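Presented below is the structure to which this report refers.
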Amino acid sequence: MSRRITFIQAVREAFQEEMRRDGSIIILGEDVRKGVFATTSKLVDEFGPERVINTPIAESAIVGAAIGAAMTGLRPVVQIMFSDFTYMAMEMIANQAGQWHYISDGVLKTPMVIETPGGARGGAGYGHSQSVEATFIHPPGLKVVAASTPYDAKGLLKSAIRDDNPVLFFEHRRLLTQRGETPQEEYTIPLGRADIKRKGTDVTVVAYSASIPKALIAAERLSQQGIEVEVVDPRTLVPLDKETIFASLQKTYHLVVVEEGRRRGGFGAELAAIAVEEWFDYLDAPVQRLGGLDAPLPYSPVLETACLPSADDIVHAVLRSLGQEV
Amino acid sequence: MSRRITFIQAVREAFQEEMRRDGSIIILGEDVRKGVFATTSKLVDEFGPERVINTPIAESAIVGAAIGAAMTGLRPVVQIMFSDFTYMAMEMIANQAGQWHYISDGVLKTPMVIETPGGARGGAGYGHSQSVEATFIHPPGLKVVAASTPYDAKGLLKSAIRDDNPVLFFEHRRLLTQRGETPQEEYTIPLGRADIKRKGTDVTVVAYSASIPKALIAAERLSQQGIEVEVVDPRTLVPLDKETIFASLQKTYHLVVVEEGRRRGGFGAELAAIAVEEWFDYLDAPVQRLGGLDAPLPYSPVLETACLPSADDIVHAVLRSLGQEV
Amino acid sequence: MALDHDTLKDLYRKMVTVRLLEKRVEQLVMAARIPCSGHFGLGQEAVGVGVCGPLRKEDYLFGTHRGFAEYIGKGMTPAEILTEYYGKATSLSRGRLGQHLLKPEIGVMPLPSSLGSEFGMAVGAALSSKLRGSGRVTVNLFGEGTAGQSDFGPALEMASLWRLPLIFVCNNNQYVELAHYREVVATEDIAPRAGAYGVPYEIVDGNDITLVYQATERAASRARQGGGPTFLEFKTYRRCTHYTGDPGGYQPKEEIAAWAQKDPIDRCRRLMMAQGLWTAADEQAMLEAVSAEIEAAVQFAEESPYPDVSTIYEHIYA
Amino acid sequence: MALDHDTLKDLYRKMVTVRLLEKRVEQLVMAARIPCSGHFGLGQEAVGVGVCGPLRKEDYLFGTHRGFAEYIGKGMTPAEILTEYYGKATSLSRGRLGQHLLKPEIGVMPLPSSLGSEFGMAVGAALSSKLRGSGRVTVNLFGEGTAGQSDFGPALEMASLWRLPLIFVCNNNQYVELAHYREVVATEDIAPRAGAYGVPYEIVDGNDITLVYQATERAASRARQGGGPTFLEFKTYRRCTHYTGDPGGYQPKEEIAAWAQKDPIDRCRRLMMAQGLWTAADEQAMLEAVSAEIEAAVQFAEESPYPDVSTIYEHIYA
Ligand SMILES: Cc1ncc(C[n+]2csc(CCOP(=O)(O)OP(=O)(O)O)c2C)c(N)n1
Ligand SMILES: Cc1ncc(C[n+]2csc(CCOP(=O)(O)OP(=O)(O)O)c2C)c(N)n1
Ligand SMILES: [Mg+2]
Ligand SMILES: [Mg+2]
């Protein structure tokens, strides 16, 4: 049985199902009991204040506490209210959470999830609107998830919670209230498996999170011009499902990559680099890389929007890739 | 007049000359008065404890203080004792220092330098050995310098101090005691200008910091096989001197990029992406991207070394690029 | 000791401006004229306004996300605030800042999105004043929840060590978002934490504008005389919800009602009336003038154009 | 009250082991047999050893970079330590950890490279014990300089709020690298900062092993009874330089000499001799045994192979 539920509900269900299944899962964060953005709201009624813990405003120490708890037998989920604030815990995430399993030669494990909504949705301003997920591609030992649909969110979050590594689970605010078909029955989606959101033969567009709806709009428009775009959603940036992307490229020979995070040093940089290293013979044209402007995000919605790639930008990038634009 | 001085002396001279020139420059950091790694040692004798300030151990607040000081008329230099610890101040660097100039519409300026030694040199272990500079390519508003010689270090640091933006100045510990010709006379090197460390015609090797000596050794060896490598040192990762790299590629049509930081999402990703986007017609072969293993750095020197690209690895990458290796 | 009459009237008018402006902003947010959410401080106007009272124009203020009181207190106008909230080209930042109000000219310094990131910056501003002998005082205002943030301790340490002209002001309004503060703050009072770092402190009724003003004045004069930092904790109460999207319901009605009795604006008005400084006619005239100022500002903001999209490429680097 | 005889003898032997091991490691670092630098705690052995005395094997310890005392105290052997320092395949981590000693089996938890990053982790371990009702106590040891780090306050806040079975132990050895601690620490004592978060504290002579042991025992039993966290500040003194590469010279000779008089090992030996528990012959036998253990460990580490380079690909992810 499948219902159309929101992204928020899907995430909440994943928490609920996993917490029922495994008593070692706890949720830590600021106002997670009431749940300012609702993904955790009312969980406290079912699981009690010992498992759904309101913390002081101290992102670094919250993540630190999750690491210590994870190393000693719990499976903590930390909610960071805005993904911009993950930078406050960068030391704990990148230097500690991701490293102790390896340097302890496998003795310690840090099974934990950082759930964090972010991204631009107009009017929140420079430090409440960024898409910072690409930052976490570089440090070792972390997994990075960024789902684009309720279905994916639920299945991936359940896998993330069961994973024995620290997983960053990025949610885009513009998607949180979107609905999508989601089965009532138990399912999981493995981390590291891409999904083809639209089949096509002419150009491969790799996009994720809130760039997927834009890519699909662009694909529709292009289809009317006879250009069939394949939209590939990696869903997890680390580990990356290179096989699926490569399989698409082997059909299309054209690659466009889209993200809302800033372009310089973003996810697209890594993907384009993989392409030119490993798939050189399958590139008939320059890779087109779209991302946020390499500047802080201004507040005014007219400005903010202009800093992000649009469906139109994707259309143009595809046309450029095909050599159909001057 | 030029002398052979160490990297440390070059950095120290840059501080000294700039502090004499401009009374608004102060140095903040842990034990900067005595100077554990000597780049700031004895400056307090000349400039006094008001301008060379020992701080508590609190990297985030130190950088925060520098930002506040920079916004109100000083030109602070912060020393972060190990570049791994820049992650403790990630919020202040990436969300604050780099953003207020833009979002204030140019009203505020944050002229500051973060001087930070780092990198692997055997025996310091996982959190005192990383090369984290690539992390700072992604956030907006920052400049990132990584010099490979005393000459470059001095000239670039002077420019960094005079720059009105936050500049991260990464030093590699293996280079700190290396000597090089450095003029006694005043000079500066603009940020964003690459340097060709060795001329060549067959393959362009872009490397920086401690990868330069390795690249030069590789180039020597390859030269004996009749392969002439051009070694380009960008010196600043942001802003990046694309013109110089492109000019080299226009001769060689082959690109290899080397860093000690981890490969995934590293500087090489950004450069390879630029290459496949902008220089597609000048690539006769896949870009070869060398970097640290995507894992934490193990302590034992035999292991640590194995995690980093070697001169041999560069030789092989060049040969691969030329299709001369199976 | 009482404040002089003009000062009191000025503070009163500012508090009223804050209250009316907040209400107006709320309407405009709900009507989707303003794209951001609003954070209001109904009942706690005396803190921000009173703290800024004894400050000089050039003194630095690091204010809060719930900071209409301190921004108006420090001298920003409704038009300056509204054009920022609207994101219009006529705002000081040409639409870039939104809620993160800024006006360095009159000492209004950055309000970071991330709570607590101002602690280090305020230390830096104070260090800068001290080293340059500028005589400026820095005020760092924050909530009792924000006092739990990481850089709080280091800021106290540095301020204390270096005897900085820095006033820490904790606006203890008893709520941290949707929770009573004791759910996430271990102690009734925050101020003794400063004492443990060697920073002298006072705990003061934050709903009495005279006391707020005077405590800040003492701290500022200590700072100017080289006496170093002071920590002030003002006890007050947030009678509204956390932000415009918050339906509320978690604050006991009786608690709200009890604090309504201690409303700082009512108290100030009663005081002025008792002293014969203020009449019903004065009140009427003032309300009209303030409302007119706000309405003119709304109109100005409404009529202002949005910034030109091409401006996004400006000032990426200095 | 005095400690029982076996306990005292055990603590004494451990302190002596620490002292001899540190000396030996120093030689090995200087001789470039060990690739890392060494951080030693000459004169402060009673803190780490004494704190671990009353702990159970399963209790968690977050120790320090100057931590031979606590690692030996918690039960690590010289061979385990030396093989890690050598980076050999026979070490518990197969050469990966170096100075960052770890042995979760006996409660030796991560020592982060970045000072202060253990504060949050220790909170998490204690939270975990509490939620699982494991009865385990967590000890978080750190220097007075590290107490200035950002997550210090949040850790106190959380420990206090949640009444965690967590003992904060500040080893105040009066130096922070190359500077006297008062150059970077605003107050003589650190412990009252904990008090301001509602965490009870004691300030104790850190050179008296009996007092160290007993204070920790009190704190541990409070923690086990659900009484929450305690903060202990032990006053001691580092009579050596910061690390093997530090030429020293900044510590006044008289200061060092005065503290040599209070040496914790000498004091413990005198106490045992005065109580008739210890003779010169015991001393001689013990020194020989400890030296032999250390030399055997050195030899084992020397003869151990380096890890195979191919191991670098293992355990990147769990
Ligand atoms: C680092 C960070 N974490 C979380 C938030 C979200 N947030 C905004 S206001 C607030 C509560 C602040 O409480 P308090 O400091 O008491 O100030 P008040 O809102 O009561 O004025 C929180 C958690 C934020 N802005 N920054
Ligand atoms: C975050 C961080 N900053 C700086 C250092 C470098 N460092 C190593 S030991 C030390 C001094 C620590 O002083 P204290 O806490 O008093 O401990 P002690 O060395 O006296 O035992 C410093 C600054 C570090 N390891 N981590
Ligand atoms: Mg509050
Ligand atoms: Mg110390």
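Chain naming here is simple, since letters A, B, ... match the order of the sequence lines and numbering starts at 1 in each. This one's a predicted model, so the numbers in the text were calculated from it and none came from an experiment.
The aromatic rings of B/Phe246 and B/Trp279 lie parallel to each other, with less than 30° between the two planes, well short of the 60° mark.
Proximity to chain B (any heavy atom under 4.5 Å) is restricted, for C/Tyr60, to the side chain, taken from C-beta onward. The parts of C/Leu97 that come within reach of chain B are both its backbone and its side chain, each placing non-hydrogen atoms under 4.5 angstrom from that chain. Using a 4.5 Å cut-off between heavy atoms, C/Ile312 touches chain B through backbone and side chain atoms alike. Residue C/Phe119: no heavy atom, backbone or side chain, is found under 4.5 Å from chain B. Heavy atoms closer than 4.5 Å to chain C are found nowhere in B/Thr110, neither backbone nor side chain. Contacts between B/Leu142 and chain C at a heavy-atom distance below 4.5 Å involve the backbone alone (N, CA, C, O). The contact between B/Glu91 and chain C is made entirely by side chain atoms (from C-beta outward), counting heavy-atom distances below 4.5 Å.
Counting heavy-atom pairs closer than 4.5 Å to chain C, the top residue among B/Ile57, B/Leu28, B/Ile53, B/Val107 is B/Ile53. For chain C, the option among B/Ala70, B/Ala58, B/Ala69 with the highest count of heavy-atom pairs below 4.5 Å is B/Ala69. Here C/Pro110 is the residue among C/Ser93, C/Ala125, C/Pro110 with the most heavy-atom pairs under 4.5 Å with chain B. Put simply, of C/Val123, C/Ile316, C/Thr138, the one with the most heavy-atom pairs under 4.5 Å next to chain B is C/Ile316. Taking C/Pro104, C/Pro154, C/Ser114 one by one and counting their heavy-atom pairs under 4.5 Å with chain B, the maximum is reached by C/Ser114. Options B/Pro111, B/Gly23, B/Ser60, B/Gly73 differ in how many heavy-atom pairs under 4.5 Å they form with chain C, and the most are formed by B/Ser60. For the set C/Leu131, C/Thr311, C/Leu92, the count of heavy-atom pairs under 4.5 angstrom toward chain B peaks at C/Leu131.
Checked against the 6.0 Å centroid criterion, the rings of B/Tyr208 and B/Phe267 qualify as a close aromatic pair. Residues B/Phe82 and B/His128 place their aromatic rings such that the two centres sit under 6.0 Å apart. The distance between the ring centers of C/His39 and C/Phe68 does not fall below 6.0 angstrom.
Of the residues listed (C/Glu70, C/Glu84, C/Glu80), the one engaging C/Lys103 in a salt bridge (Lys or Arg N to Asp or Glu O under 4.0 Å) is C/Glu80, and it is the only one.
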Trace of the side-chain contact (heavy atoms from CB on, under 4.5 Å) decision for C/Glu144 with C/Val176: CA-CA 8 Å; C/Glu144 80 287 5; C/Val176 177; 3.6 Å; yes

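There is a side-chain donor-acceptor pair under 3.5 Å between B/Glu46 and B/Gln16. Under 3.5 Å, the side chains of C/Glu302 and C/Tyr86 contain a donor-acceptor pair of N or O atoms.
By the 6.0 Å contact criterion, CD on C/Glu314 is enclosed, its count of non-hydrogen atoms from other residues, nucleotides or ligands being greater than 12.
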